[in-house]
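Data first, discussion second: the structure below is written as structure tokens.
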Amino acid sequence: MKASPEGIWNECLEQLQSRVPDQTFETWFKPIKPVGLDKEELTVQVPSHFFYEWIENHYKDLMSAVLKQVSGNGLKLAYSVVYSEDAGQPATSGSVSPDPGIVRRQQLESFLNDRYTFENFVEGDNNEFARAAAVAIAESPGGTSFNPLVIYGGVGLGKTHLAQAIGNKCLQDRNAKRVYTSSEKFTMEFINSIKNNKTTEFSEHYRNVDLLMVDDVQFFQKKESTQEQFFHTFNALYQAGKQIVLTSDRAPKELSGMEERLLSRFQAGLIADIQPPDLETRIAILQHKAQEDGIDISYDIIEFLAANITSNVRELEGALIRLLAFSSLSNTDITVDLAKRVLREIIGKSFSTSISIEDIQRTTGEIMGVGESEIIGKGRKKEVALARQIAMYLCREMTSSSLKTIGLHFGGRDHSTVVHACKVIEEKTQSDASLLQQLKSIRHKIEISQF
Ligand code: ADP
Ligand code: MG
């Protein structure tokens, strides 16, 4: 029988359902629709851009693992996002089928993502120079002395965004051939081309472009033959007056394990750094993102987030998304209090002050179908004992109570009983996937009930 997108996706869903808490499954996986399948990829449709990002950020590895298991080969996942055509338009009366909207394909990884534009790149003192150089190049690829343009800076500061914005802007010139790749992908393709005797095709592919963007060149470090190959590609393009854009997580002179001649090529053009954004820029970025995603959020909260998340823009975005997810899952408004909780999680402090041992006992009992009094009591029935051990384990994980205190809350048991319970649960969850899942749903429910 020929595989259908629905068939494959349904099998994936089964797998996913057993691996994530129900709520997560309902919220993030149920709404996904399989829409296409070819030899290389399964295309699924997701309801919004926000949705797509959330999945990519949180479940990418899980999804690929499941897809691999189900398809038995290297099937990739591609997304298409439904953009509603005009939310303000009244629906035609009598029409029952939902407007399919415009389906725009999100090209992932190796391709340009049209989300990254100059328009939605917020300018600040930290990135002003890199941005200006990028704009100049996009307007006249190969036509400035900024060749190559090397954009460098720490993680999550907007290097990829800028490189892709150049590529997207050049789209206006339809005939220009643009290639965006990462140095990792370049390396992989090069290795494959050697394996398959296709080095000529490989070189041609890269040498016949008008604009070459290579992201994260620090991955070329210590890969000598790839560097050699890249050096030739670089020269060919450079001599033909084609534009090259490179990004790196450190300054070119700090790239070790890189051939001198390549480094000197990198340094021959323009090197522009991006620094972490200052408070004002962080606020502006958050305001921009909130507006983009249609999130109604007060200035106080934005300022609070911006003041506390200082290192990188990806984390800022993450905080906003998390806040939105929590508020929609728990059906509450986004308040400063909620923001504090979310933040506490992001910057690594636990919930310990707000979650009580009783909360954990109650929720564990509910989900495991065991009464709260039984959890505290002396009963030795298998399911009661297991629920008790899980509750003890979670108390140790989620509260700051001492083992002694935890024991006391479980009918005056000794602290060594708690230690034993934690060990048992740790061991069991290593091998028992359904137990692990149960544990996850309990924890999730406890967290959610805090809001
Ligand atoms: P890098 O490649 O430097 O690790 P990215 O370009 O992937 O970082 O940026 C991380 C996230 O932060 C992206 O979603 C990007 O859109 C966003 N971002 C970074 N800088 C800005 C900015 N100045 N304005 C708007 N969004 C930004
Ligand atoms: Mg990047």
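Indexing begins at 1, ligand by ligand and atom by atom, following the structure's order.
Ion pairing between Lys445 and Glu366 holds under the 4.0 Å rule for side-chain N and carboxylate O. Salt bridge annotation for Arg396-Glu426: present, with a cationic side-chain nitrogen under 4.0 angstrom from a carboxylate oxygen. Taking 4.0 Å as the cut-off between side-chain N and carboxylate O, Glu228 and Arg261 count as a salt-bridged pair.
At a threshold of 4.5 Å between non-hydrogen side-chain atoms, the residues Pro276 and Leu157 count as touching.
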Before giving the answer on side chain to side chain donor-acceptor pair (under 3.5 Å), spell out for Asn127 and Gln275 the whole-Å C-alpha distance, their side-chain angles and the decisive distance to 0.1 Å.
CA-CA 6 Å; Asn127 59 35; Gln275 294 294 326; over 6 Å; no
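Closest protein heavy atom to atom 21 (C) of ligand 1: Phe121 CE1, 3.7 Å. Annotation: atom 11 (C) of ligand 1 to nearest protein heavy atom, Glu317 OE1, 3.7 Å. Closest to atom 7 (O) of ligand 1 among all protein heavy atoms lies Arg314 NH2, 2.7 Å. Counting only heavy atoms of the protein, atom 4 (O) of ligand 1 lies nearest to Gly156 N, 2.7 Å. With hydrogens left out, the protein atom closest to atom 8 (O) of ligand 1 is Gly158 N, 3.1 Å, a heavy atom.
Ligand 1 has no nitrogen or oxygen under 3.5 angstrom from a nitrogen or oxygen of Val155.
Rounding to the nearest 0.5 angstrom, the gap separating the CE atom in Met213 from the OG1 atom in Thr247 is 11.0 Å.
Close approach of ligand 1 to Arg115 is summarised as follows: ligand atoms under 4.0 Å from at least one heavy atom of the residue are 14 (O). Heavy-atom contacts of Asn120 reach the following atoms of ligand 1: 24 (N), 25 (C) (cutoff under 4.0 Å). Taking a cut-off of under 4.0 Å to the non-hydrogen atoms of His161, the atoms of ligand 1 that pass are 6 (O), 15 (C), 16 (O). Close approach to Gly154 involves these atoms of ligand 1, each under 4.0 Å from a residue heavy atom: 3 (O). Which parts of ligand 1 touch Asn127 is read off a 4.0 Å heavy-atom cut-off, strictly below it: atoms 23 (N).
For the ring pair (Phe, Tyr, Trp, His ring centres under 6.0 Å) test with Phe186, the passing option among Phe234, Phe219, Phe220 is Phe220; the others fail.
Looking at Ile285, Leu157, Thr160, it is Thr160 that brings a heavy atom closest to atom 2 (O) of ligand 1. The residue from Thr281, Val313, Val122 that puts a heavy atom closest to atom 18 (N) of ligand 1 is Val313.
Not a single heavy atom of Gly153 sits less than 4.0 Å from an atom of ligand 1. Within the structure, ligand 1 has Lys289 among the residues with a heavy atom less than 4.0 angstrom away.
One of the N, O or S atoms belonging to Thr160 lies under 2.8 Å away from the Mg ion (ligand 2).
Geometrically, Arg341 does not engage Phe326 in a cation-pi contact, judged by NZ or CZ lying under 6.0 Å from the ring centre and within 45° of the ring axis.
The distance between the ring centers of Phe230 and Phe190 does not fall below 6.0 angstrom.
A donor-acceptor pair is defined here as one N or O able to donate and one able to accept, closer than 3.5 Å; no such pair exists between the side chain of Asp333 and the backbone of Thr335.
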